Participant: 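I'd like to ask some things about the structure below.
None of the values given here were measured: they were computed from a predicted structure.
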Amino acid sequence: MAKKAEDRTYNVSVIGFSGSENVKGPVGVGKSCLCNRFINDVADKYHMEHISVLSQTDFAGRVINNDHFLYWGETTKTDEGNNFTFHVIEQTEFIDDVSFQSFKTGRTDNYYKRSTQVKVQSAEKLMYICKDQLGMETDSAYEQKLMPEGKLNIDGFICCFDVSKVSQTTMVHQVDFVIALLNAAMKTKKPIVLVTTKNDDADKRYLQEVAKIAARKDYKGNIPIVETSAHKNVNVEQAFLVLAHMMDKNKRRPIITPYIDAFKQRQEIEEVAIEAYKNLLRIHVTDPKAVFKSYLRKLEKEPDFNHYVELLGTENAKKLFRQHARQLREDQIRKREQIFSTRLPDLIQRFLPDLETIGNRSWSACQKYIKDHKDFNHYFVEVCKPGEGETWKMVPKFIDNYNETRTPFDILSSPEGEAVYQKHLKQLQEAHKKIQLMQQFKKLLSETPQVTPGATLEDTYLLFVGKDCYIGLSQAERDDVFDDFQEDLKYQVKHELHELLWERTATFIQQRMQPNSSHKLTQDDLNSIKAEIEKDPRYRRLDKMEDERDVILINHLGFLECPSSEQCYYKELCAETQVQSVLETAAKTVNRSSNRISAVSEKECPLNLVLLGNEDLANKLLKQIREMFEHDLFQYNDTIYQVDYRPIGEDVSLEQNAFQTAEFKPNGCLCMYKSESSLNYIASSLETVLTADVPEEESLRNLPIVIIHEYDPQLSEKDSMKLSQKGQDLARKYGFRLKLLINICSLLHHINVSFSFVYSDFSFYLT
């Protein structure tokens, strides 16, 4: 029973421009690549190089088998639901590597006649796979497959035409050769497809010439053209399927897709596969040190990886893997570089804070100064030696060490490091220049008699227009200097007015003792007093501050009527205040003498206190506490405590600001705040210390802590209460037991404070 047409087997002969290098040029027209791609469309089995110059031994081997054709094997393709099996041979011309002439065989037919024979035979001929197979035909690495029955009846021809421009040959030679070849093939009455190869590098003139060949009257439009590229795997399968439909006369000829459209379709398929594989890498490969071989077994279980390899090959998969790993490394370096770059301006500011420090040093000399600085190792680390062309970015050991948070020193030698330094230097120079201009402007104000107390810059600015010190300042800076000058000037003239008033005290008292003087100060009294002093320059200098001048005069007269230290203009310089201070100091000395450490105390132990507070609050607290204890000794019941202190007011994450050191183990912590910013500093510092990832024996989670709110008289009562509440909220945040003491004179007599106690009963420290 005959086979159904749908299951037919087709024997296809691939022919084209062949011969020695003198005939066809240094490269072939692509017959072998076309056959290779069609038989094995898996990327890893595609070989881009094939040879036609052989040794006598290879020519006589079972793959070549002393023939001028190759048997490429068989493959089955499906089209419109039908299976088509193809046996493919390639008609070529093998050249002797000694004589560089075509090998002589038993038949002497030329290529045109030999390649268009419809019957080919070669007993025991093995399937050709690649050039490395030659001479190793029996090697188990290569499949041992024989040409069926040693002979094939050809059902159709594929004639290849190279449309790329080839050196050392002309288009005319190929055109003449292909026309002669097609004429010979036409005589066989077998279907022919004219396939253009290497369309990925096509020359427009060659494409036009191919169209002319197919349109020749002799061929009656029976030779279709299929544009292909074996390297890009475009339209290769379609070329053979078109021929199959022509051989199966009951089937209609399929629509041939132009190369440009087929190439776009192929690109879309590959792009989807590439993106799927990249996404797979993003999910599974996160280590910049990853090696393809180590991940291969895991990737082979993923359909997206296998699909990519089938389309583009293992080598491309390996390249993309390496690109991904390099990108991970670059991202890792970029992130660390961003951290270092952000930190660099502050580091340069820390080590080179002013022009005096920089002096006449060059940038390289400044780098040496930084390296020799005592704090160098706290902030910088030498990753590589300078001058060897290596940077921290080339040292994987450092890049991967996230425990090393210090800045690599060689970053200072980079263009970015120098740019940051130059910017810093420019800012210092501009700031210095600005200070000089402000000082010059203030001096100019002092030398300008029209600038009187109470005057405004708006009234006097015309006096300064054109002056360098005025032009070089912004309006806000001019206003600041002028206001500052006015403040000093007002203080001076007010002080002079007070001196004038004290000089005339006897006159004022005498006037108030006049018989007609009323008990209360009247406007007439005030006018009379003003008349006594209004001609004095010290009085007239406040003419633009008349209201303030009147207030000073009235307060002074009120003080003379009822003197008290609280109303005295001289405040702490007041004689009465100074006498009282001397007496209080003497009283404290007596009290402390009575509170000396008892000689019968039996126990003695250290008491180490951390004093935490920025804005100089830690040092202020230290000063106040030390006034309470003689020689830093403190007695409670039968125990004497030797008190030691560690005041901290800066970043506690830095080693020099740590709560504990090898010599100092804290027993408690006193935290003082008086503003929103100082409370935020305490909160962030405690968060850093209490949640630090350190061994249990070094943990400070159980450290007794006191949060102290110092009263600020400049705040309103409402704002002060809010700030105090925030301190208590900070204590509750950690879920600790809370106490609130309004008065704790036993420890801090001179500070008006409210305390929020945290974690444990700390009263024994404060009694």
Side-chain angles (χ1 to χ4, degrees), residues 10-25 27-32 34-35 52 67-70 86-95 102 105 107-121 152-164 166 169-199 202-203 205-228 238-240 242-249 253 256:
Y10 301 109
N11 301 324
V12 178
S13 178
V14 179
I15 60 179
F17 196 18
S18 298
S20 65
E21 187 172 323
N22 293 333
V23 176
K24 64 178 177 59
V27 295
V29 297
K31 300 188 299 296
S32 298
L34 185 76
C35 297
S52 59
D67 299 313
H68 282 287
F69 73 89
L70 294 172
F86 296 86
H87 287 276
V88 179
I89 67 165
E90 175 194 347
Q91 291 286 356
T92 186
E93 188 91 21
F94 290 112
I95 307 300
S102 178
T105 62
R107 301 183 62 174
T108 59
D109 297 335
N110 60 29
Y111 183 83
Y112 306 114
K113 187 174 182 180
R114 172 171 49 79
S115 64
T116 55
Q117 294 291 325
V118 295
K119 291 184 179 181
V120 294
Q121 59 183 11
L152 289 173
N153 293 323
I154 303 303
D155 297 309
F157 296 94
I158 285 182
C159 182
C160 296
F161 190 102
D162 183 358
V163 294
S164 68
V166 180
T169 187
T170 64
M171 180 174 62
V172 175
H173 288 155
Q174 185 178 195
V175 169
D176 293 342
F177 191 97
V178 168
I179 290 174
L181 197 56
L182 289 175
N183 290 337
M186 288 291 289
K187 294 177 181 179
T188 66
K189 307 296 183 182
K190 300 295 184 181
I192 305 169
V193 173
L194 183 56
V195 172
T196 58
T197 58
K198 307 181 188 179
N199 276 266
D203 186 305
R205 295 175 303 136
Y206 284 64
L207 292 172
Q208 293 171 346
E209 199 61 40
V210 171
K212 290 178 182 179
I213 294 173
R216 288 168 65 94
K217 291 182 179 180
D218 299 346
Y219 306 145
K220 301 177 182 179
N222 291 326
I223 301 179
I225 300 173
V226 179
E227 301 169 327
T228 70
Q238 186 177 52
F240 285 86
V242 168
L243 182 62
H245 284 286
M246 292 173 68
M247 291 184 290
D248 186 0
K249 297 179 182 179
R253 187 182 299 181
I256 299 174

Participant: Has Thr92 got a side-chain atom pairing as donor or acceptor with Phe69's backbone, closer than 3.5 angstrom?
Facilitator: no
Participant: Kindly say whether Gly16 contributes a backbone atom to a donor-acceptor pair with the side chain of Tyr111 at under 3.5 angstrom?
Facilitator: yes
Participant: Any chance you could measure Asp162, atom CG, to Met171, atom CE, to the nearest 0.5 Å?
Facilitator: 12.0 Å
Participant: Over all heavy atoms of both residues, which pair between Val88 and Cys35 is shortest? Give the atoms and the distance, please.
Facilitator: CG1-SG, 3.9 Å
Participant: Can you measure from NZ (Lys198) to CG (Asp203) and round to the nearest 0.5 angstrom?
Facilitator: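 These two atoms lie 13.0 Å from each other.
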Participant: Between Gly156 and Met247, which heavy-atom pair has the shortest distance, and what is it?
Facilitator: N-SD, 3.6 Å
Participant: Are any of the side-chain heavy atoms of Phe157 and Gln91 separated by less than 4.5 Å?
Facilitator: no
Participant: How many angstroms lie between atom CD of Glu93 and atom OG of Ser102, to the nearest 0.5 angstrom?
Facilitator: 3.5 Å
Participant: So do Val29 and Gln174 actually touch side chain to side chain, heavy atoms under 4.5 Å?
Facilitator: yes
Participant: Are the side chain of Asn11 and the backbone of Asp155 linked by a donor-acceptor contact shorter than 3.5 Å?
Facilitator: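 Side chain of Asn11 to backbone of Asp155: no pair is present.
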Participant: Measure the spacing between CG of Asn222 and NZ of Lys189 and express it to the nearest 0.5 Å.
Facilitator: 10.5 Å
Participant: How far apart are the C-alpha atoms of Lys190 and Ser13, what are their side-chain angles, what is the distance that settles it, and do they pass the side-chain hydrogen bond (donor to acceptor under 3.5 Å, both in side chains) test?
Facilitator: CA-CA 11 Å; Lys190 300 295 184 181; Ser13 178; over 6 Å; no
Participant: Work out which heavy atom in Ile179 is nearest to a heavy atom in Tyr219; give both atom names and the distance.
Facilitator: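 Minimum heavy-atom contact is O-OH, 3.5 Å.
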Participant: Roughly how far apart are Phe240 CZ and Ile158 CD1, rounded to 0.5 Å?
Facilitator: 3.5 Å
Participant: Taking atom CD1 of Ile192 and atom CG of Leu243, what is their separation to the nearest 0.5 Å?
Facilitator: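 Ile192 CD1 to Leu243 CG: 9.5 Å, rounded to 0.5 Å.
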Participant: Looking at side-chain heavy atoms only, is the closest gap between Arg216 and Leu182 below 4.5 Å?
Facilitator: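 No, every pair of side-chain atoms sits at 4.5 Å or beyond.
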Participant: Taking all non-hydrogen atoms of both residues into account, name the closest pair between Thr116 and Leu181 and its distance.
Facilitator: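 Closest approach of Thr116 to Leu181, heavy atoms only: CG2-O, 4.0 Å.
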Participant: Do Tyr112 and Ile15 come within less than 4.5 Å of each other through their side chains, counting heavy atoms only?
Facilitator: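 No, every pair of side-chain atoms sits at 4.5 Å or beyond.
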Participant: How about Leu207 and Asn199: do any of their side-chain heavy atoms sit closer than 4.5 Å?
Facilitator: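 Answer yes - side chains close enough.
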Participant: Decide yes or no for Val166 and Tyr206: does some side-chain heavy atom of the first lie under 4.5 Å from some side-chain heavy atom of the second?
Facilitator: no
Participant: When you compare the side chain of Gln238 with that of Ile256, does any pair of heavy atoms fall below 4.5 Å?
Facilitator: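 Side-chain contact under 4.5 Å: yes.
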Participant: Could you tell me which non-hydrogen atom of Cys160 sits nearest to which non-hydrogen atom of Val178, and how far apart they are?
Facilitator: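 Cys160 and Val178 have their closest heavy atoms at O-CG2, 4.2 Å.
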Participant: Considering the options Ile154, Asp67, Leu70, which one meets the side-chain contact (heavy atoms from CB on, under 4.5 Å) requirement together with Ile89?
Facilitator: Ile154
Participant: Do Glu90 and Ser32 have side-chain N/O donor and acceptor atoms under 3.5 Å apart?
Facilitator: yes
Participant: Can you give me the closest heavy-atom contact between Ala239 and Thr228, atom names plus distance?
Facilitator: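 Heavy atoms only, the tightest pair is CB-CG2, 4.3 Å.
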Participant: Tell me, with the steps shown, if His68 and Ser18 meet side chain to side chain contact (heavy atoms under 4.5 Å, CB included).
Facilitator: CA-CA 11 Å; His68 282 287; Ser18 298; over 6 Å; no
